[in-house]
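Have a look at the structure below, then the notes.
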Protein chains: 2
Amino acid sequence: MTSSESGPKECKVIQEEELTRGKWLYLSNHHWTDHTGKERIWEVVGRTTKGPQDQDCVAVVAIVSRSGHPDAMVLIKQFRPPLKSYTIEMPAGLVDNGETIETAALRELKEETGYSGSITGIGRNVSLDPGMSSATMKIVTVKVNGDDAVNKDVSRVCGVQGEHIEVILVPLNSIQKCLMDFAADGLIIDSRVEAFALGFALTSEKII
Amino acid sequence: MTSSESGPKECKVIQEEELTRGKWLYLSNHHWTDHTGKERIWEVVGRTTKGPQDQDCVAVVAIVSRSGHPDAMVLIKQFRPPLKSYTIEMPAGLVDNGETIETAALRELKEETGYSGSITGIGRNVSLDPGMSSATMKIVTVKVNGDDAVNKDVSRVCGVQGEHIEVILVPLNSIQKCLMDFAADGLIIDSRVEAFALGFALTSEKII
């Protein structure tokens with residue numbers, strides 16, 4: 001056996017060939033070599049707006065604590081033209097050029113929900129749809145003191161630049177039931193909210 | 001105030017205008033009306049392979065129980081040309097035409113990891129990147145008996161049709177530490193794995 005046959009090779013992209021450029025999205029062919037060294041092509045979508053930062057966008061796991069209430073997750077309801085549907089998502093948005101992840105997370109949380117909070121964790125650079133898209137995000141966790149004056153009277157409807165965003169507080173201890181009700185109402189849940197709820201429920205079942 | 005000004009209108013997509021069609025992906029303009037009734041345009045990517053079923057793909061939260069080991073989540077490492085990187089993801093794949101979600105979930109789990117299991121839950125139709133794409137998935141939870149003869153000697157490297165997939169068992173009680181190590185090694189974590197781990201950790205912190 002020669003050395004070239006002795007094991008899997010490192011896969012890599014060797015060339016990007018742009019096929020079409022829209023205003024916000026582009027399609028490319030990524031020419032890559034697989035684990036056998038064979039050259040292959042993969043069709044890829046990306047955002048034209050991606051700046052020098054590593055990730056396109058930020059999403060926020062915001063947990064609100066209020067005296068007399070169970071801890072709740074801040075979710076938003078909005079219309080999403082790509083899905084032709086209203087969705088339930090974490091607050092999220094594109095990272096502006098030159099903006100830090102921390103600033104983007106707290107800005108999007110404030111713009112989309114009215115809430116102010118403090119960051120308790122910054123996640124890794126993660127993929128949104130790795131079989132199709134180069135888009136990545138970071139998930140930032142934020143603790144919101146719901147009893148704080150600045151958060152006492154936040155509006156149920158928020159948004160900037162023509163956005164119409166409804167803010168929904170979902171008690172963590174009934175998150176699965178709430179997601180079931182949203183789906184029954186025809187809303188599409190975001191996969192990250194669903195996965196968060198699955199992880200949460202798994203521990204609860206084991207421990208409680 | 002006339003009735004047309006009395007509150008937000010129902011948003012809806014009124015026309016899809018295809019801009020480009022590749023082999024696997026297409027770009028469209030979705031013409032839609034916002035909550036004020038104003039017509040707007042949103043650039044959207046979709047899969048040309050989408051069949052009559054509601055969702056493009058399925059992902060599997062597979063938990064392996066083995067005597068003498070802590071429960072572990074089955075994750076896979078593979079090269080993803082769109083991200084020009086190796087990724088850590090849940091087993092996942094496209095749903096074939098005419099295939100049920102249950103069949104697709106167990107087939108993908110078997111093809112990509114070698115494991116056989118039984119379904120314990122089927123999630124909702126969820127979005128992958130709702131600001132950009134029409135793609136949706138269902139997340140299916142599967143219980144794997146690692147002591148079962150059929151699962152005793154599964155390979156660490158799996159895949160069909162040129163796939164080269166490495167199977168990784170991550171103990172649930174150290175999932176955050178494992179994800180940190182993967183990221184330090186330059187791997188991109190999928191956002192659903194990250195969100196699952198966040199939900200899992202949140203309960204653990206509260207209760208333990």
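Source: prediction; values computed, not measured. Just so it is clear: chains get the letters A, B, ... in the order the sequence lines come, proteins before strands, and each one is counted from 1.
Side chain of B/S191 to backbone of A/S127: a donor-acceptor contact under 3.5 angstrom is found. A donor-acceptor distance shorter than 3.5 angstrom exists from the side chain of B/T141 to the backbone of B/G121, with no hydrogens or angles considered.
For the atom pair CD1 of A/I63 and CG of B/L202, the computed distance is 5.0 Å after rounding to the nearest 0.5 Å. The structure places CG of A/L19 at 11.5 Å from CZ of A/R21, a figure rounded to the nearest 0.5 Å. Between the CD1 atom of B/I165 and the OG atom of B/S155 there is a distance of 11.0 Å, given to the nearest 0.5 Å.
Annotation: maximal heavy-atom pairing with chain B below 4.5 Å, among A/G123, A/G131, A/G93, A/A197, occurs at A/G131. For the set A/V44, A/L25, A/L83, A/V157, the entry with the most heavy-atom pairs within less than 4.5 Å of chain B is A/L25. Comparing A/S134, A/S85, A/P130 by heavy-atom pairs within less than 4.5 Å of chain B, the highest count is held by A/P130. Taking chain A as the reference chain and counting heavy-atom pairs below 4.5 Å, the highest number among B/L94, B/I189, B/V193, B/T136 is found for B/I189. When B/I41, B/N125, B/I88, B/T87 are compared by the number of non-hydrogen pairs under 4.5 Å with chain A, B/N125 comes out ahead. Options A/R40, A/R47, A/M137, A/K38 differ in how many heavy-atom pairs under 4.5 Å they form with chain B, and the most are formed by A/R47. Counting heavy-atom pairs closer than 4.5 Å to chain A, the top-ranked of the candidates B/I139, B/L128, B/V13 is B/L128.
Looking at B/F79, only its side chain comes within 4.5 Å of chain A, counting heavy atoms on both sides. When heavy atoms are compared at a cutoff of 4.5 Å, B/E16 approaches chain A solely by way of its side chain, counted from C-beta outward. Heavy-atom distances place both the backbone and the side chain of B/H164 under 4.5 Å from chain A. Both the backbone and the side chain of A/V45 come within less than 4.5 Å of a heavy atom in chain B.
Between B/D71 and B/R66 no salt bridge is recorded (no basic side-chain N to carboxylate O distance below 4.0 Å).
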Only distances under 3.5 Å count here; give the side-chain donor-acceptor pairs of residues 179-188 of chain A to other protein atoms, sequence neighbours excluded, each with its distance to 0.1 Å.
unit_1 : atom_1 : unit_2 : atom_2 : d
A/D181 : OD1    : A/K177 : NZ     : 3.3
A/D181 : OD2    : A/K177 : NZ     : 2.8

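Taking non-hydrogen atoms and a 4.5 Å limit, the residue list of residues 26-34 of chain A in contact with chain B, ordered by number, reads A/L27, A/H30, A/W32.
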Q | Audit row: B/E89, B/R80, salt bridge (charged side-chain N to carboxylate O under 4.0 Å, His left out) steps and yes/no | A | CA-CA 10 Å; B/E89 302 175 37; B/R80 288 298 208 170; 2.7 Å; yes
Q: Show your working on side chain to side chain contact (heavy atoms under 4.5 Å, CB included) between A/L106 and A/I119 and close with a plain yes or no.
A: CA-CA 8 Å; A/L106 294 176; A/I119 291 175; 4.0 Å; yes
Q.
Run the salt bridge (charged side-chain N to carboxylate O under 4.0 Å, His left out) test on A/E194 and B/R192 for me, step by step, so that the C-alpha distance in whole Å, both residues' side-chain angles and the decisive distance to 0.1 Å come before the verdict.
A. CA-CA 8 Å; A/E194 174 109 332; B/R192 283 151 290 272; over 6 Å; no
Q: Show the numbers, then the answer: is there a side chain to side chain contact (heavy atoms under 4.5 Å, CB included) between B/E43 and B/M132?
A: CA-CA 7 Å; B/E43 236 169 74; B/M132 169 168 159; over 6 Å; no
